[in-house]
S.K.: 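Take a look at the following structure, please.
Both ligands and their constituent atoms are indexed starting at 1 by order of listing. This one's a predicted model, so the numbers in the text were calculated from it and none came from an experiment.
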Amino acid sequence: METWDAIRARRNVRSYRPDPVADADLDRIAEAGWRAPSAGNRQHWDFIVVTDREQLRALSTVWRGAGHIAGAAAAIALVAPQYEEERPRLISQYDLGQATYAMMVAAADLGIGTGHSSVGDQEAAREILGVPDDHDVAYLIGIGYPADRPLRPIAKPNRRPIDEVIRRGHW
Ligand SMILES: Cc1cc2nc3c(=O)[nH]c(=O)nc-3n(C[C@H](O)[C@H](O)[C@H](O)COP(=O)(O)O)c2cc1C
């Protein structure tokens, strides 16, 4: 897919075909996160690629919006250090968002769907993934081929009117 098509085709996919995603494709998706920019190039993140069905099922219970992870071919968990101070915490969230989106667009480019999930139960998520206590499992990304329809550029995305959002020169 062309970059512009991948950007327009990405959508949250929460229902997946049972087919596996090739390791090379998972590697590329994770590499897109690895290549993402971060404040000061700190890269205070780790990504855990999960394909084990029991782990995926267990991860689907860590948040009320994580149900789709159970049926995903794979998931990538984004792990970040815990911060006491507000500023590094905010920057970390920004950095994680960039990595997430890079991985999602890279997946869309391959025709592979992705779906975000937050994480509520940190203790459970850490236990499932063997993450140390001074880190959080910040987000999960479910990965798999869409069960409903292939990814195609979306002509009319569910967004606020573009002229209301994109302003020119001033508010
Ligand atoms: C920070 C963040 C957290 C999200 N958490 C969840 C979640 O826990 N479960 C879920 O199903 N979707 C989650 N989403 C997906 C959003 O609901 C979705 O991106 C939004 O509705 C726009 O839809 P689209 O991605 O299909 O364009 C999250 C998205 C973001 C950016």
S.K.: May I ask you to say whether R89 pairs ionically with E86, meaning some side-chain N is under 4.0 Å from a carboxylate O?
M.R.: no

S.K.: Counting only heavy atoms and a distance below 4.0 Å, can you name the residues contacting ligand 1?
M.R.: R10, R11, N12, R14, W63, G65, H68, H116, S117, S118, Y139, R159

S.K.: Is it true that R8 and D5 have a side-chain N and a carboxylate O under 4.0 angstrom from each other?
M.R.: yes

S.K.: For D23, does the CG atom sit with more than 12 other heavy atoms under 6.0 Å from it, leaving out its own atoms?
M.R.: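 Open: at most 12 neighbouring heavy atoms sit under 6.0 Å from CG of D23.
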
S.K.: Among L151, T114, I112, find the one that has a side chain to side chain contact (heavy atoms under 4.5 Å, CB included) with P146.
M.R.: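 The option that passes is L151.
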
S.K.: Flag the pair R35 and E31 as a salt bridge only when some basic side-chain nitrogen lies within less than 4.0 angstrom of an acidic carboxylate oxygen.
M.R.: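 The answer is yes: the pair qualifies as a salt bridge.
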
S.K.: Only pairs at least two apart or in different chains count here, so list each salt bridge (charged side-chain N to carboxylate O under 4.0 Å, His left out) that has a residue in residues 138-153.
M.R.: R11-D148

